[in-house]
Amino acid sequence: MNTRDFIELSESRSAHNYHPLPVVIASAEGAWVVDVDGNRYLDCLAGYSSLNFGHGNPEILAAARDQLDRVTLTSRAFYHDRFAAFAAGLAELCGKDMILPMNTGAEAVETAIKVARKWGHEVKGVREPNIIVMEDNFHGRTTTIVSFSTDPDARDGYGPYTPGFRIVKYGSAEAIREAVDENTVAVLIEPIQGEAGVLVPPDGYLAQVREICTSAGILMIADEIQSGLGRTGETFACDHEGVVPDMYVLGKALGGGVVPVSAVAADADVLGVIRPGQHGSTFGGNPLACAVGSAVVAILNRGEFQRRARELGAGLHERLRELPGVVAVRGRGLWAGIDIDPSLASGRQVCEALMRRGVLAKDTHGSTIRLAPPLVVTAEDLAWMVDRLGDALSAFQAERQAQPIA
Ligand SMILES: *Cc1c(COP(=O)(O)O)cnc(C)c1O
């Protein structure tokens, strides 16, 4: 089959819940992927930050291969010999007493919501708990999570919606302070909003959120599914402000780009509210997931990828700002949201032009494109990519100038 056939069969036999770029990937290594025709592309999406440690990371693959030959699934009805090391290692990385493992990010967010509500009922004695969430949030796709989304695409048509959430403006500590009442049990927040366009909140904001939660006696829950595990140049995006949330929500890169692995991490006075039979997952914490997750924790403990993201990201945002047609650049580490002049091209058009030039990236809303390459990317790869983006944007400008003025 050729590219056209692969795409036609995919589109005719699967729901159209995605609108992929017309590239069919056949293999990958490090920061690069190869399509079915043998063309190479620099992967600047990295599975929405699931591939922080690169495609086919040898250390992660070795752990997975070794585990495939031993035992892959037991269920949590029994103990298995990979579980303890993963739980202890991840808890320690997070500086928390314990973890609760799930599979996808949305499941971990659901777990955090359930834990916060139960903690509210049992520890705070709240009868109708509410959780404060942010405008333009992205926390996943379940019916409860889309109930507090402000993105019409994510939410519309999926009612009736789960109550118990209060939506406030992202970046305003005052808005949180005003929304807290006697029934509030938690604030759920992305330290940087990825899907919204890599929105970095004002300096000091996360520290203020921490302070509000502490003084109100409610839980600060940081969804670090996309921002965490090295992407921003620190293990967690909260680290940039020296903030420690009560609960971390992790996923994506925790699975090393091999299997879905997610978890929440918190202290015993919080996670201890969940007792046998009250929450679970058939696949959560399975031996393969734990072997892969332990390899990821070992990599993060060495700090090399946090350092790479910090060092390689240092000049990146400046260079992107200098490109033609770029209106704004946001981000931290190897993560950038780039607003293109909307009269020049849509984000989708820029991504298509980048694809033709050997770079895979993804647009978010309107004319914003997001860059999040695997952290194994080299300085040369990045310089080449910035060049390709500059070339694509210059071509759009030349095209516009060639058009007669209406
Ligand atoms: C991707 C993402 C999720 C959902 O993860 P899934 O594995 O797709 O369910 C939740 N929160 C954030 C911040 C994310 O980026």
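Both ligands and their constituent atoms are indexed starting at 1 by order of listing.
Contacts between E190 and ligand 1 below 4.0 angstrom, taking non-hydrogen atoms only, involve the side chain exclusively. Counting heavy atoms under 4.0 Å from ligand 1, residue R141 does not touch it at all.
The D223 neighbourhood of ligand 1 comprises atoms 10 (C), 11 (N), 12 (C), 13 (C), with distances under 4.0 Å to a heavy atom of that residue. With ligand atoms numbered from 1 in the order given, ligand 1 contributes 4 (C), 5 (O), 6 (P), 9 (O) to contacts under 4.0 Å with heavy atoms of A106. Close contacts of ligand 1 with F138, meaning ligand atoms under 4.0 Å from a residue heavy atom, involve 1 (C), 2 (C), 3 (C), 11 (N), 12 (C), 13 (C), 14 (C). The ligand atoms of ligand 1 that sit less than 4.0 angstrom from a heavy atom of H139 are 10 (C), 11 (N).
I60 has its side chain within reach of I299: a pair of non-hydrogen atoms, C-beta onward, lies under 4.5 Å apart. Side-chain atoms of D363 and V350, non-hydrogen and from C-beta on, never get closer than 4.5 Å to each other.
Each of V209, T184, I218 was compared with I176 under the side chain to side chain contact (heavy atoms under 4.5 Å, CB included) criterion, and only V209 meets it.
Taking a cutoff of 4.0 Å between a charged side-chain nitrogen and a carboxylate oxygen, K169 and E174 do not qualify as a salt bridge. Ion pairing between a basic and an acidic side chain is recognised when a charged N comes within 4.0 Å of a carboxylate O; R356 and D391 show no such pairing. Ion pair R210/D246 flagged as a salt bridge, since at least one NZ, NE, NH1 or NH2 atom sits closer than 4.0 Å to an Asp/Glu carboxylate oxygen.
The heavy atom nearest to atom 3 (C) of ligand 1, considering only Q226, K252, E107, is found in K252. Distances from atom 6 (P) of ligand 1 to the heavy atoms of G105, G228, G255, S227 show the closest one on G105.
In this structure, atom 11 (N) of ligand 1 has a protein heavy-atom contact shorter than 4.0 Å.
In Y158, the OH atom is not crowded: 12 or fewer heavy atoms of neighbouring residues, nucleotides or ligands sit closer than 6.0 Å.
Using a 4.0 Å cutoff on heavy atoms, Y48 does not count as a contact of ligand 1.
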